[in-house]
Amino acid sequence: MTSSGTTGPGRPAADRPRHTFRTVFPVLALCWLAVFFDGMDVNIYGAVMPHMLDDPGLGLTPASAGSIGSWTAFGMFFGALAAGNVTDWLGRRSTLVASVVLFSLGSGVCALAGDPTLFGAGRFLAGIGLGGLTPLALAMVLEFAPPGRAALTTGLLMSSYHAGGMAATGIGLGLAPAAGWRAVFWAGVLPALIAVPLLLKYLPESPGVLLARGDRARADAVADRYGLPRPTPVQAPAAGAKGRLAAVRALFSAESRWATLLLWLASFCGLVLVYGVSTWLPQMMRASGYGLSSSVTFLMVINAGGIVGMFVAGRAADRFGSVKISALWFALTAAGALLLKSHLPLGVTYAVIAVTGVVLFSAQVMVYAVTGTVYRDSERAAGLGMVTGVGRMGAAFGPWLIGVLAATGSQSMGFTAFALAGLLGAAAIALVPLARRTGAPGTTERHTAARAPQNG
């Protein structure tokens with residue numbers, strides 16, 4: 001096998017492996033590893049923020065801490081938009097590698113920073129890498145996903161984000177008290193040393209991207225090796241600026257425009273929750289009267305719930321539909337946020353946080369699963385990129401809003417803000433099927449194949 005995962009001329013149909021989780025496991029595992037380090041990097045900041053606020057030499061305040069959390073999200077926004085351009089000439093595999101290198105370098109800058117400005121620059125650089133990674137990894141696994149298992153595959157991939165969050169919390173608890181918060185960010189450089197060599201050696205290029213670049217032989221060879229159907233021109237994303245513009249215009253066709261806007265709103269609300277909680281939960285719980293160690297441990301507990309939630313949501317969505325599960329999960333997240341506003345006994349608080357983690361993160365991931373059923377194969381990467389990119393505004397808004405509330409001593413209002421985001425997200429995603437039904441005639445026929453994973 002070459003580094004791009006090809007094997008020479010395409011195999012006869014009878015010799016191709018079946019398209020199952022077993023045949024595409026290497027791709028899913030490598031994308032899982034990349035997103036694991038994504039989750040670790042995002043959660044490192046929240047895990048060490050209480051220690052950073054206690055460091056007089058850094059000069060970090062609650063207000064500047066919230067702004068820096070937003071800088072990370074702004075970097076993600078630009079990274080998500082730039083990834084499509086870079087993919088045209090680097091391919092998805094090389095762009096994934098570049099994303100990992102960027103957020104690892106950003107973590108190194110944070111470890112060296114002597115003031116909030118340089119630290120914020122490091123988080124912005126990390127955000128550029130993080131923003132490009134998630135939509136590319138999602139597009140890869142959706143392309144390689146076995147038939148009827150799109151939602152489950154998405155949930156399996158994003159469980160790695162929460163495993164990474166738990167690793168970040170564990171590193172923060174283990175290193176920060178004794179070695180300082182900088183040591184935790186030095187640990188964030190590890191992805192470049194571990195993941196990059198593995199991705200370069202073993203991750204194949206997308207067959208659809210290879211076909212779009214005119215390399216039919218390699219596209220067929222990769223598809224044959226992993227048991228995928230050979231890509232067709234309609235499935236291949238169009239290359240070049242004209243192709244990207246056409247894909248974006250297709251998101252606003254008569255049958256998709258209202259669904260597109262609702263998906264953007266749902267993603268915005270979901271990322272308000274994901275990044276607001278990941279950045280501020282330990283400090284919010286500390287301000288509510290819990291001890292420092294317990295407050296940081298809450299971040300590990302909510303990410304552990306997130307892992308469970310990905311498996312539960314993926315299976316439930318494949319059975320009942322991604323829309324129903326996402327809407328229900330958003331509503332349950334709102335209920336959990338309101339419960340956390342009260343100072344409950346420690347054991348009860350752990351239970352509420354765990355259950356909230358089960359539904360909070362997978363509510364957002366199911367938005368991505370819904371996105372994968374709304375658009376055609378040739379539009380899916382553009383649709384996911386725009387849903388994640390616009391959603392990054394929520395990722396910026398959430399940490400900034402809680403930072404403003406913290407600066408005024410009103411951190412408890414953050415739980416109310418999270419509850420409102422959950423309710424708005426539930427309404428937005430629940431309306432997507434209605435929006436599609438009000439589209440142009442022919443929508444049903446056009447999207448029958450795309451809807452199959454949701455109803456499988």
Side-chain angles (χ1 to χ4, degrees), residues 21 24-48 72 76 79 83 92-93 95-108 126-142 144-145 152-175 184-203 271 274-275 277-279 299-311 313-314 357-358 360-362 364-365 368 388 395:
F21 276 117
V24 300
F25 176 79
V27 177
L28 302 182
L30 288 166
C31 289
W32 193 98
L33 179 65
V35 177
F36 170 88
F37 284 123
D38 179 317
M40 190 177 97
D41 191 279
V42 169
N43 284 273
I44 275 178
Y45 184 38
V48 300
T72 310
M76 291 178 176
R92 283 182 185 163
R93 184 187 65 146
T95 306
L96 272 172
V97 169
S99 298
V100 174
V101 170
L102 278 176
F103 71 70
S104 297
L105 287 175
S107 190
I128 294 175
L130 296 167
L133 189 147
T134 300
L136 286 171
L138 283 165
M140 284 286 285
V141 299
L142 284 171
F144 281 78
L152 178 59
T153 304
T154 303
L156 288 171
L157 173 70
M158 295 309 294
S159 70
S160 61
Y161 175 92
H162 306 291
M166 291 181 67
T169 308
I171 293 170
L173 287 170
L175 284 182
V184 180
F185 281 99
W186 281 122
V189 179
L190 291 176
L193 304 177
I194 298 174
V196 167
L198 294 173
L199 292 169
L200 286 173
K201 186 172 183 179
Y202 296 113
L203 185 69
L271 290 177
V274 169
Y275 287 91
V277 168
S278 296
T279 302
L299 192 60
M300 179 177 286
V301 171
I302 202 167
N303 276 292
I307 293 176
V308 175
M310 293 303 164
F311 291 98
V358 169
L360 187 158
F361 300 104
S362 50
Q364 168 63 20
V365 171
Y368 300 145
T388 55

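One-based numbering along the sequence shown.
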Query raised in the report: Yes or no on side-chain contact (heavy atoms from CB on, under 4.5 Å) for L203 and M140, after CA distance, side-chain angles and deciding distance?
Result: CA-CA 10 Å; L203 185 69; M140 284 286 285; 4.1 Å; yes
Query - side-chain contact (heavy atoms from CB on, under 4.5 Å) assessment of L200 paired with V97 - result: CA-CA 7 Å; L200 286 173; V97 169; 3.9 Å; yes
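Within the 3.5 Å criterion, the main-chain N or O of G127 finds no donor-acceptor partner in the side chain of T72. In this structure a side-chain-to-backbone donor-acceptor pair under 3.5 Å is present from T169 to G165. Between the side chain of S362 and the main chain of V358, a donor-acceptor pair closer than 3.5 Å is present.
The nearest pair of heavy atoms linking S159 to W32 is OG-NE1, 3.2 Å. Here the closest heavy-atom approach between residue T153 and residue L28 is recorded as CG2-CD2, 3.8 Å. Closest of all the heavy-atom pairs between A187 and M40 is O-CE, 3.6 Å. Here the closest heavy-atom approach between residue V189 and residue S104 is recorded as CG2-O, 3.8 Å. Of all non-hydrogen atoms in A137 and L96, the two that sit nearest each other are N-CD2, 4.1 Å. Listed here is the closest heavy atom pair of Y45 and F185: CA-CZ, 4.2 Å.
The closest side-chain donor-acceptor pair between D38 and T134 falls under 3.5 angstrom.
L133 CG to Y161 OH: the interatomic distance, rounded to the nearest 0.5 Å, is 12.0 Å. From Y368, atom OH reaches atom CG of L138 across 6.5 Å, with rounding to the nearest 0.5 Å. If you take CZ on R92 and CG on L136, they are separated by 7.0 Å, rounding to the nearest 0.5 Å. With rounding to the nearest 0.5 angstrom, the CG atom of D41 is 11.5 Å from the CG atom of L190. Taking CZ of F37 as the reference point, atom CD1 of I194 lies at 4.0 Å (rounded to 0.5 Å). In this structure, CG in L105 is found 11.0 Å from CD1 in I128, a value given to the nearest 0.5 Å.
A tilted orientation is assigned to the rings of H162 and F361, their planes being inclined by 30° to 60°.
Using a 4.5 Å cut-off on side-chain heavy atoms (C-beta onward), I307 and N303 make no contact. With contacts defined as side-chain heavy-atom distances shorter than 4.5 Å, the pair L271/M76 does not qualify.
When each of V141, L199, L156 is checked for a side chain to side chain contact (heavy atoms under 4.5 Å, CB included) with C31, only V141 meets the rule.
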